[in-house]
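Here the structure is laid out as structure tokens; the discussion comes afterwards.
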Amino acid sequence: MEMGMDTSPSPSSSAPSSASSDSIDLNFLPFLKREPKSEPASPERGPLPLPAATPPPPLQVQAQAAATAASPLPATPDLSAAAVMTPLQSLPPNPEEETLLAEYYRLASLYLSSSAGAAGVIVPAPTPEASAGAVVQPGSGSAAKKRRPRSSELVRVSSLSVRDQIYFRDLVRRARITFESLRAMLLRDDERAEALGLTGVGGFGAVDRRRVRADLRAAALMGDRDLWLNRDRRIVGPIPGISVGDAFFFRMELCVLGLHGQVQAGIDFVTAGQSSSGEPIATSIIVSGGYEDDDDRGDVLVYTGHGGRDPNLHKHCIDQKLEGGNLALERSMAYGIEIRVIRAVKSKRSPIGKVYFYDGLYKVVDFWLDRGKSGFGVYKYKMLRIEGQEAMGSVNFRLAEQLKVNALTFRPTGYLSFDISLGRESIPVALYNDVDDDRDPLLFEYLARPIFPSSAVQGKFAEGGGGCECNENCSIGCYCAQRNSGEFAYDKVGALLRGKPLVYECGPYCRCPPSCPNRVSQKGLKNRLEVFRSRETGWGVRSLDLIKAGTFICEFSGIVLTHQQSEIMSANGDCLVRPSRFPPRWLDWGDVSDVYPEYVAPNNPAVADLKFSIDVSRARNVACYFSHSCSPNVFVQFVLFDHYNISYPHLMIFAMENIPPLRELSIDYGMIDEWVGKLTM
DNA sequence: GTTGAGTCAGAGAA
DNA sequence: CTTCTCTGACTCAA
């Protein structure tokens with residue numbers, strides 16, 4: 001099958017295609033259901049305003065400059081591809097309209113996702129083959145795969161409306177969830193294969209113990225389905241849906257998203273042949289810390305060109321040449337083209353020991369040929385960060401590390417409490433306000449665990465046969481695995497593999513030890529959370545730790561009321577959280593239907609119609625201060641572990657994006673209740 | 001700390 | 001103009 005015939009939806013096009021659904025019923029894709037009926041306006045794009053009058057600065061170094069550099073520049077480099085883009089006819093953004101649109105979109109999102117749930121998006125249980133995932137080859141088959149090459153069309157995406165921003169954020173999140181879910185599935189398959197005595201991906205007879213990297217395989221699966229983003233144009237400047245500060249764990253993921261298209265090289269650029277001015281143009285760089293001559297001061301960065309190094313040793317052995325990415329950076333300087341900068345920072349929270357932060361846009365302001373520490377010639381580029389951007393992810397990361405050690409040194413004022421839980425949480429929860437004199441969260445009793453009504457839990461502790469009989473950590477086939485319809489919900493480091501209607505963790509009636517990997521959310525906080533005051537969202541919550549997507553954050557606590565009690569209390573106008581109102585965002589986590597169209601979200605274990613509510617008016621925990629968003633970074637997963645009454649599950653909150661330190665956590669509450677208004681005003 | 005298989009895109013040849 | 005082959009870039013996992 002030719003890729004051109006592929007029936008899978010292609011998110012790489014900026015507007016949702018009116019995909020002909022030959023063989024795949026697109027209607028069951030939850031994501032597509034949530035899209036607004038009308039096409040989101042495509043981003044306003046325009047030709048790059050290349051300063052025609054800017055003469056190329058005289059090359060200070062006439063090294064081995066490629067012929068193109070030496071030849072005189074055309075007065076106006078004709079980036080013709082950009083020129084045919086829709087001309088800018090943008091009105092100045094109207095804040096009022098933006099707010100209305102945001103509200104409209106929130107409601108549309110709410111309506112569509114909730115109606116989707118009611119209309120039976122949850123289709124029959126996946127076959128074991130489908131849920132095992134990697135054993136099934138994607139439908140298109142890998143035979144005649146022909147990857148669509150990267151386009152050279154150079155565009156800059158600017159002034160996205162609120163609605164577009166949400167649209168692209170969701171698009172990017174979906175791609176990232178697909179990537180991470182595939183990777184997790186492949187890893188799990190590897191482990192199973194190894195447990196069975198088969199080795200790696202080579203299958204039978206493979207001798208090599210080394211696994212084929214799951215990140216590469218996940219990217220390849222997505223590539224076969226044309227699911228890589230932003231391949232139809234080369235974007236200069238910000239990538240829609242990716243914010244300054246976003247965190248990534250794999251180089252391949254950067255390629256999949258189009259943030260940086262080079263698997264290994266640190267400089268990504270449009271080649272001379274592709275650019276109509278005949279010159280290469282750099283668009284992004286990665287500062288990995290691998291080059292000894294780099295000098296990184298944050299806002300000011302001296303970056304070293306690539307090349308000249310021995311492939312095996314990380315030593316320079318010949319002079320660098322002004323070609324490829326090196327020349328492209330120089331050309332970007334001449335034209336004033338902004339460069340995306342991605343920094344690698346060491347982190348124990350990362351599966352690979354480091355994390356890549358998108359730190360925003362820089363401009364090259366100077367370049368020269370220098371003698372590196374090795375004694376060989378290296379090209380150096382002085383880059384300045386463009387002002388007015390969000391704080392850098394790498395800076396926030398370091399600040400948060402310092403705050404964990406000694407908060408008062410870096411924030412002498414503003415802390416109202418270092419632990420509003422008063423020791424009730426496993427990790428302290430700080431309270432910080434440097435905005436006004438509100439101290440509201442201090443006035444409530446901190447309740448780390450919800451209190452269930454006795455009628456709800458009486459006799460429900462050992463319901464359904466009590467716990468498992470495992471003496472060691474639980475494994476596939478044990479009673480608790482069966483409860484979870486044959487598979488455990490978490491991977492070995494405690495990340496949720498995919499969202500489910502309900503997760504059964506091992507509990508007090510299980511024999512397995514506390515180290516059992518099926519005990520995750522019951523153990524409480526693992527991240528340093530902070531309740532903080534902001535001018536935009538009132539009270540909010542942020543983390544000092546980098547939170548990997550899929551990991552547990554905290555429980556939603558309070559005094560649990562029965563249906564009857566809820567009716568009475570809400571009549572009194574009290575603050576009630578209704579679990580049934582959270583849109584089923586868990587459907588998205590683990591969704592790989594873009595790659596495996598046969599994938600459907602699990603509909604087991606079953607959960608009851610939830611009629612209870614949580615009263616947070618007297619006692620509450622940190623979860624109560626999460627801000628609302630229709631494009632949230634956390635979601636609710638229902639979990640049972642201590643009692644087994646399916647009408648009263650715990651509301652456990654998990655990350656659905658990688659959440660960088662100091663970024664606000666946001667959740668989709670569904671309807672905005674009066675209490676949310678009260679809390680966030 | 002060391003090692004090697006693995007990827008895509010660029011560059012140039014066919 | 002398209003298609004191919006070679007090369008360079010260095011990451012991730014053991």
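Everything numeric in this text was worked out from a predicted model, so none of it was measured. Naming convention: chains lettered A, B, ... in sequence-line order (proteins, then strands); numbering from 1 in each chain.
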Does a side-chain N or O from [X] land closer than 4.0 Å to OP1 or OP2 of [N], or not?
{"X": "A:Arg231", "N": "B:dA9", "value": "yes"}
{"X": "A:Arg251", "N": "C:dC10", "value": "no"}
{"X": "A:Arg217", "N": "B:dG6", "value": "no"}
{"X": "A:Ser288", "N": "C:dT11", "value": "yes"}
{"X": "A:Tyr356", "N": "C:dT11", "value": "no"}

A:Ile659 pairs by side chain to side chain contact (heavy atoms under 4.5 Å, CB included) with which of A:Asn633, A:Leu546, A:Asp246? A:Asn633
Under 30°, 30 to 60°, or over 60°: which ring-plane class applies to A:Phe357 and A:Phe397, parallel, tilted or perpendicular? tilted
Which one, B:dT7, B:dG10, C:dC12, comes nearest to the side chain of A:Leu216? B:dT7
Which value, rounded to the nearest 0.5 Å, describes the distance between A:Lys346 atom NZ and A:Lys354 atom NZ? 8.0 Å
Could you go through the side chain to side chain donor-acceptor pair (under 3.5 Å) check for A:Asn473 and A:Ser515 one step at a time? CA-CA 7 Å; A:Asn473 287 347; A:Ser515 64; 3.1 Å; yes
From CD of A:Gln264 across to C1' of C:dA13 the rounded distance in Å is 15 Å
Looking at A:Arg213 and B:dT7, is any side-chain donor or acceptor paired with a base atom of the opposite kind under 3.5 Å? no
Determine the contact category for A:Gly324: base if any of its heavy atoms lies under 4.0 Å from a base atom, sugar-phosphate if only primed atoms, P, OP1 or OP2 are that close, otherwise nothing. sugar-phosphate
Using the closest heavy atom to pick a nucleotide of DNA chain C for each, name whichever of A:Pro351 or A:His306 lands nearer the 5' end. A:His306
